[in-house]
Visitor: 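There's a structure below that I have some questions on.
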Amino acid sequence: MIDRELIRAFRDIGRDLFEAGLTTSHGGNMSVRDGGRVIITRRGSMLGRLTDDDLIETGIEPCAADERCSRELVVHRAIYAVTDARAIVHAHPAHTVARSFTSDVITPADSEGLYVLGEVPVVSATQTIASPEAAEVLAGALAGAPVAVLRTHGPFAKGASLEEAFMHVSVLEASAVILDLLGR
């Protein structure tokens, strides 16, 4: 059973992601790791309107519940396997995604972005959605960074909580907007 406080955290962060324009109506996904247990958003859920049924409990190892989980479960598991992440947020913020088409690294020009994120790696995979290749390159990048961007697809951020992972996505998008405004 998923406790009410965790459900509230998923709802709050999901709503914040959508209202901030960091993902589309049915885009993005989030998860939390608790030991060998992973709570992840349901495949096709609306992050801005999550219900109890939109959170699926699975494990670090494949199991029967996986069919209902976000397709990005393979990526989340890979990140948890090689990092100290307790939570992961994946979104599709427009300025960050657009910048990923031409950049191998996103280096914020603003003080907050530099302080919170430093240089943000942009990684590539032939299949960008839910592939073992994407899982491998993102997990490797997140071993040394709080957020990494999968080229043409969007950022995956790790944190000690959903709030911290959300902050990394939010700061990255603000930094991408600033870079765009500066014409860099």
Visitor: Answer yes if V97 and L138 sit in the same cluster of Ile, Leu, Val, Met, Phe, Trp and Tyr residues linked by side chain heavy atoms under 4.5 Å apart, and no otherwise.
Guide: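 Unlinked, V97 and L138 end up in two clusters.
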Visitor: Write down the atom of K158, the atom of L142, and the distance for their closest heavy-atom approach.
Guide: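 Result for this residue pair: NZ-O, 2.7 Å.
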Visitor: Using a 4.5 Å cut-off on heavy atoms from C-beta on, say whether the side chain of V89 contacts that of H168.
Guide: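 Not in contact.
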Visitor: Do L50 and S45 have side-chain heavy atoms sitting under 4.5 Å apart?
Guide: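 Touching, per the 4.5 Å side-chain cut-off.
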Visitor: Can you name the nearest heavy-atom pair linking S31 to V38, along with the distance?
Guide: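 Taking every non-hydrogen atom into account, CB-CG1, 4.1 Å.
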Visitor: Okay, side chain of R15, backbone of L17: is any donor-acceptor separation there less than 3.5 Å?
Guide: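 No, R15 side chain to L17 backbone: no donor-acceptor pair under 3.5 Å.
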Visitor: Donor-acceptor check, side chain of S170 to backbone of M167, threshold 3.5 angstrom: yes or no?
Guide: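 Flag not set: sc S170 to bb M167 has no pair under 3.5 Å.
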Visitor: Report yes or no: do L55 and L6 belong to one cluster of Ile/Leu/Val/Met/Phe/Trp/Tyr joined by side chain heavy-atom distances under 4.5 Å?
Guide: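 Yes, same cluster.
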Visitor: Taking all heavy atoms of V74 and all of P132, pick out the closest pair and write down the distance.
Guide: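 The answer is CG2-CA, 4.4 Å.
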Visitor: Keeping T83 on the side-chain end and I79 on the backbone end, is there a donor-acceptor pair under 3.5 Å?
Guide: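 Present.
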Visitor: Does any part of the side chain of I129, heavy atoms only, come nearer than 4.5 Å to the side chain of R71, both counted from C-beta?
Guide: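 Side chain of R71 against side chain of I129, heavy atoms only: contact under 4.5 Å found.
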Visitor: Would you mind writing out the side-chain donor-acceptor pairs for residues 56-64 within the sub-3.5 Å range, not counting sequence neighbours?
Guide:
from, atom 1, to, atom 2, distance (Å)
E57, OE1, R37, NH1, 3.3
T58, OG1, D66, OD1, 2.6
T58, OG1, R77, NH2, 3.1

Visitor: Tell me if the centroids of the rings in H90 and H153 come within less than 6.0 Å of each other.
Guide: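 Close enough - the centres of the two rings lie under 6.0 Å apart.
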Visitor: Compare all side-chain heavy atoms of F10 with those of V32 and state whether any distance is below 4.5 angstrom.
Guide: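 F10 vs V32: side chains touch.
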Visitor: Is there a path of hydrophobic side-chain contacts, each under 4.5 Å between heavy atoms, that joins V123 and I106?
Guide: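 No, because V123 and I106 fall into different hydrophobic clusters, even though each may have its own neighbours under 4.5 Å.
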Visitor: Could you state the interatomic distance from CZ (R42) to OG (S70), rounded to the nearest 0.5 Å?
Guide: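 R42 CZ to S70 OG: 10.5 Å, rounded to 0.5 Å.
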Visitor: Could you check whether any side-chain heavy atom of P146 comes within less than 4.5 Å of a side-chain heavy atom of L117, counting everything from C-beta outward?
Guide: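 P146 vs L117: side chains touch.
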Visitor: Does V169 reach the side chain of E173, with side-chain heavy atoms less than 4.5 Å apart?
Guide: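 V169 vs E173: side chains apart.
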Visitor: I need the D52 CG to M1 CE distance, nearest 0.5 Å.
Guide: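 Here the rounded value is 8.5 Å.
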Visitor: Should we say atom CD of E163 is surrounded by more than 12 heavy atoms from elsewhere, each under 6.0 Å from it?
Guide: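 Count not over threshold, so no.
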Visitor: Inspect the surroundings of CD in E164 and state if more than 12 heavy atoms from other residues, nucleotides or ligands are less than 6.0 Å away.
Guide: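 Correct, the count exceeds 12.
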Visitor: Working to the nearest 0.5 angstrom, can you tell me the gap between R151 CZ and S103 OG?
Guide: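 Going from CZ on R151 over to OG on S103, the span is 8.0 Å.
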Visitor: Is there a side-chain contact between V171 and S175, using heavy atoms and a 4.5 Å cut-off?
Guide: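 Side chain of V171 against side chain of S175, heavy atoms only: contact under 4.5 Å found.
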Visitor: Is I2 reachable from Y80 through a run of hydrophobic residues whose side-chain heavy atoms are each under 4.5 Å from the next?
Guide: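 Per the 4.5 Å side-chain linkage, Y80 and I2 are not co-clustered.
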Visitor: Quick check: closest heavy atoms across S131 and A125, and the distance to 0.1 Å?
Guide: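 Looking at all heavy atoms of both residues, the shortest contact is OG-CB, 4.5 Å.
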Visitor: Pair V122, R99 - check side-chain contact (heavy atoms from CB on, under 4.5 Å), show working.
Guide: CA-CA 9 Å; V122 176; R99 192 158 283 277; over 6 Å; no
Visitor: Nearest heavy-atom pair of A91 and L22: which atoms, and what distance?
Guide: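 That closest heavy-atom pairing would be CB-O, 3.2 Å.
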Visitor: Are V120 and V149 side-chain neighbours, meaning at least one heavy-atom pair lies under 4.5 Å?
Guide: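 Yes - at least one pair of side-chain heavy atoms lies under 4.5 Å apart.
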Visitor: Please indicate whether F18 has more than 12 foreign heavy atoms, meaning atoms of other residues, nucleotides or ligands, lying under 6.0 Å from its CZ.
Guide: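 Counting neighbours around CZ of F18, 12 or fewer heavy atoms of other residues, nucleotides or ligands fall under 6.0 Å, so no.
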Visitor: Determine whether a donor-acceptor pair (N or O, by modelled atom type, separation under 3.5 Å) exists between the side chain of S100 and the backbone of T152.
Guide: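 Checking the backbone N and O of T152 against the side chain of S100, a donor-acceptor pair under 3.5 Å is found.
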Visitor: Which value, rounded to the nearest 0.5 Å, describes the distance between E112 atom CD and L172 atom CG?
Guide: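 If I round to the nearest 0.5 Å, the distance is 11.0 Å.
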Visitor: Treating Ile, Leu, Val, Met, Phe, Trp and Tyr as nodes and any side-chain heavy-atom pair under 4.5 angstrom as an edge, say whether V147 and F166 lie in one connected cluster.
Guide: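 No, V147 does not connect to F166 through the hydrophobic network.
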Visitor: Quick check: does any side chain N or O of R43 sit under 3.5 Å from a backbone N or O of C69, one acting as donor and the other as acceptor?
Guide: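 Side chain of R43 to backbone of C69: a pair is present.
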Visitor: Any side-chain donor paired with an acceptor under 3.5 Å for T41 and N29?
Guide: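 No.
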Visitor: Can you tell me how far NE2 of H76 sits from CG of L73, rounded to the nearest 0.5 angstrom?
Guide: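 Going from CG on L73 over to NE2 on H76, the span is 7.5 Å.
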Visitor: Between the side chain of R8 and the main-chain N/O of D3, is any donor-acceptor distance below 3.5 Å?
Guide: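 No; judged by distance alone, with no hydrogens or angles, the pair does not exist.
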Visitor: Could you state the interatomic distance from CD1 (I40) to CG (D54), rounded to the nearest 0.5 Å?
Guide: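 Going from the CD1 atom of I40 to the CG atom of D54 covers 12.5 Å.
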Visitor: Do you know which two heavy atoms are closest between A134 and L150, and how far apart they sit?
Guide: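 Minimum heavy-atom contact is CB-CD2, 3.8 Å.
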